[in-house]
Amino acid sequence: MLNEVQISKAIIDTYCRKLTANLELDVAIVGGGPSGLVAGCYLARAGRKVALFEKKLSIGGGVWAGGMMFNEVVVQEAGKSLLEEFQIPAKTFTDGYYTVDSVYLTSSLTKRAMDAGLTIFNLVAMEDVVIKDDRVGGLVLNWGAVATLGWPVDPLVLHSRFVIDATGHPANVAEVLVRKMGVKLDTQTGGIVGEKSMNAEKGELQTVENTREVYPGLFVSGMAANTVCGGYRMGPVFGGMLLSGQKAATEILKKLGTNSRES
């Protein structure tokens, strides 16, 4: 016989233990789009303690909607090997262009990442960053609904050795750092350059090129990297996003050291 209170206790107790276990991390990822999921998968595979925070109900960022709500996306030749590594089947449309069902892609990336050991918290928003010794050292978190409604509810805090801004076009983590700390992320503009208009060829290349540590402790990946560094947008082609997540994880692992394990 089911007891409703026992159901509530199970959810509350399990969630609180999960949250408590992730208040000190090697890497905190903000944003559940493709670059964040891929980065999380590689970091977790390497034995690092990593969690991802997404303020919306669903994980996947803009992938779900495909192109203009046609739920297919394109991955070019450069990203094909990563699809194969993640065992995500793609259909050849023409030479160098592969289509993937956007729902299948999002679901598969999420499963691969969580199977590797990534912990995901949806409906949790990044409100601010923690600054320690002139570097980003953690996140200030609140419920996603609180952030959306703008309610004056005090947040909670976690510490992490690195943070990845994978929040897409808004580059929310970098924006907070510039706005509140006066950080100069760009030598010419002094702040965030802002994304340029559509150029898929350049945008895809720049997504990977711009993936880097832009301030001690803070990496940018995916479209957030192009927003911060002034790259072009590229629309529903996702090879660069996947490769950006891979690069962010690889660079962070170098900084964390080589004591890794395969999951």
Side-chain angles (χ1 to χ4, degrees), residues 22-33 35-36 39-40 43 48-55 61 121 124-142 144 146-148 150 152 154-197 203 205-233 240-241 244-245 247-256:
N22 284 278
L23 293 180
E24 292 184 290
L25 299 167
D26 289 319
V27 185
I29 301 170
V30 184
S35 72
L43 289 162
R48 293 303 178 177
K49 193 170 184 181
V50 54
L52 183 151
F53 301 88
E54 167 58 58
K55 80 173 181 180
F121 295 90
V124 176
M126 181 281 313
E127 186 177 290
D128 201 349
V129 296
V130 177
I131 299 294
K132 287 187 175 294
D133 301 320
D134 295 320
R135 63 177 283 120
V136 173
L139 296 175
V140 180
L141 301 174
N142 220 320
V146 168
T148 300
D154 278 336
L156 295 175
V157 176
L158 67 80
H159 287 168
S160 62
R161 296 171 69 181
F162 290 94
V163 170
I164 299 177
D165 184 345
T167 60
H169 300 274
N172 294 126
V173 185
E175 187 277 330
V176 163
L177 197 60
V178 170
R179 174 167 50 85
K180 300 189 77 171
M181 295 297 296
V183 169
K184 308 298 183 184
L185 296 180
D186 178 72
T187 55
Q188 294 183 345
T189 67
I192 294 174
V193 180
E195 69 179 60
K196 296 179 180 178
S197 294
L205 294 172
Q206 290 171 343
T207 302
V208 181
E209 292 169 1
N210 292 331
T211 298
R212 60 178 181 266
E213 189 174 24
V214 293
Y215 185 79
L218 176 63
F219 277 75
V220 289
S221 71
M223 199 60 219
N226 279 357
T227 294
V228 170
C229 301
Y232 288 90
R233 68 182 302 171
M241 294 288 188
S244 170
K247 180 182 177 183
T250 300
E251 294 301 315
I252 289 173
L253 287 171
K254 290 177 183 177
K255 289 179 174 287
L256 287 172

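The residues of the chain are indexed from 1 along the displayed sequence.
When all heavy atoms of Ser221 and Ile164 are compared, the closest pair comes out as OG-CG2, 3.5 Å. The minimum heavy-atom distance between Gly222 and Met241, with the atom names listed, is CA-SD, 3.6 Å. Nearest heavy atom pair, residue Arg212 against residue Cys229, reads NH2-SG, 3.3 Å. When all heavy atoms of Val140 and Val130 are compared, the closest pair comes out as CG2-CG2, 4.2 Å. Looking at every heavy atom in both residues, Ala224 comes nearest to Thr167 through CB-N, 4.2 Å. Summarising the geometry of Ala166 relative to Ser35, their closest heavy-atom pair is CB-OG, 3.7 Å, with the distance given to 0.1 Å.
The backbone N or O of Tyr232 sits less than 3.5 Å from a side-chain atom of Gln206, completing a donor-acceptor pair. Under a 3.5 Å cut-off, the side chain of Thr227 and the backbone N or O of His169 do form a donor-acceptor pair.
A distance of 13.0 Å separates NZ of Lys55 from CG of Leu141, quoted to the nearest 0.5 Å. The line from CZ of Phe121 to CD of Glu54 is 13.5 Å long, rounded to the nearest 0.5 Å. Note that the CG atom of Asp128 and the CE atom of Met181 stand 9.0 Å from one another [nearest 0.5 Å]. Asn142 contributes atom CG, which lies 7.5 Å from atom CG of Leu156 (distance to the nearest 0.5 angstrom).
Across Arg161, Lys247, Lys254, Lys255, a single residue satisfies salt bridge (charged side-chain N to carboxylate O under 4.0 Å, His left out) together with Glu213, and that is Lys255.
By the 4.5 Å heavy-atom criterion applied to side chains, Arg233 and Met223 are counted as neighbours. Between Leu43 and Asp26, the closest side-chain pair of non-hydrogen atoms is not below 4.5 Å. Side chains of Val163 and Val129 form no contact here, defined as non-hydrogen atoms less than 4.5 Å apart. When side chains are defined from C-beta on, Ile131 counts as touching Val136, because their heavy atoms get closer than 4.5 Å. A heavy-atom distance below 4.5 Å is not found between the side chains of Leu158 and Asn22. Side-chain contact between Leu139 and Leu25 is absent, with no heavy-atom pair separated by less than 4.5 Å.
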Would you check, one step at a time, whether the test side-chain contact (heavy atoms from CB on, under 4.5 Å) holds for Val220 with Asn210? CA-CA 8 Å; Val220 289; Asn210 292 331; 5.8 Å; no
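Ring geometry for Phe162 against Phe219 counts as perpendicular: the plane angle is over 60°, on a 0 to 90° scale with 30° as the lower cut.
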